[in-house]
Amino acid sequence: MTVSVNRELCYGSGECAFRLPSVFTAADGFGAVLPGREDTGDDPEVRDAAERCPSQAISL
């Protein structure tokens with residue numbers, strides 16, 4: 001399952017990068033998925049980060 005961050009919804013809280021820095025980072029003030037980590041949507045920690053995103057910008 002693919003994970004992505006919608007920059008139109010993201011307001012840059014950094015919650016994803018704080019919770020899971022092995023998958024997410026901040027880029028230009030917005031959350032982003034690290035290169036090569038796009039196919040980690042099946043990981044329970046990634047699902048948790050998506051559920052906890054305050055702007056609901058993470059898609060699985």
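All values derive from a computational prediction rather than experimental measurement.
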Name all residues meeting the side-chain contact (heavy atoms from CB on, under 4.5 Å) criterion together with [X]; count only those two or more places apart in sequence or in a different chain, and write none if there are none.
X	value
P54	Y11, S13, E15
N6	E8, L9
S4	S59

Answer yes or no: is there a donor N or O on one side and an acceptor on the other, between the side chain of R37 and the main chain of S22, under 3.5 Å?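 Answer holds: yes.
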Short question: side chain of E38, backbone of G36 - any donor-acceptor pair under 3.5 Å?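 Flag set: sc E38 to bb G36 pair under 3.5 Å.
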Can you give me the closest heavy-atom contact between [X] and [Y], atom names plus distance?
X	Y	answer
C10	S55	CA-OG, 3.6 Å
A27	A32	CB-CB, 4.1 Å
R19	D48	NH1-OD2, 4.4 Å
A57	C53	N-SG, 3.3 Å

Side chain to side chain, [X] and [Y], heavy atoms closer than 4.5 Å:
X	Y	answer
D42	R47	yes
L34	F24	no
D28	R7	yes

Please check if V5 and F30 belong to a single hydrophobic cluster, counting links between Ile, Leu, Val, Met, Phe, Trp and Tyr side chain heavy atoms closer than 4.5 Å.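 No, separate clusters.
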Considering the options T2, T40, D43, V46, which one meets the side-chain contact (heavy atoms from CB on, under 4.5 Å) requirement together with L60?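 Of the listed options, the one satisfying the test is V46.
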Crowding at CD, Q56 (>12 non-hydrogen neighbours, <6.0 Å):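 Enclosed.
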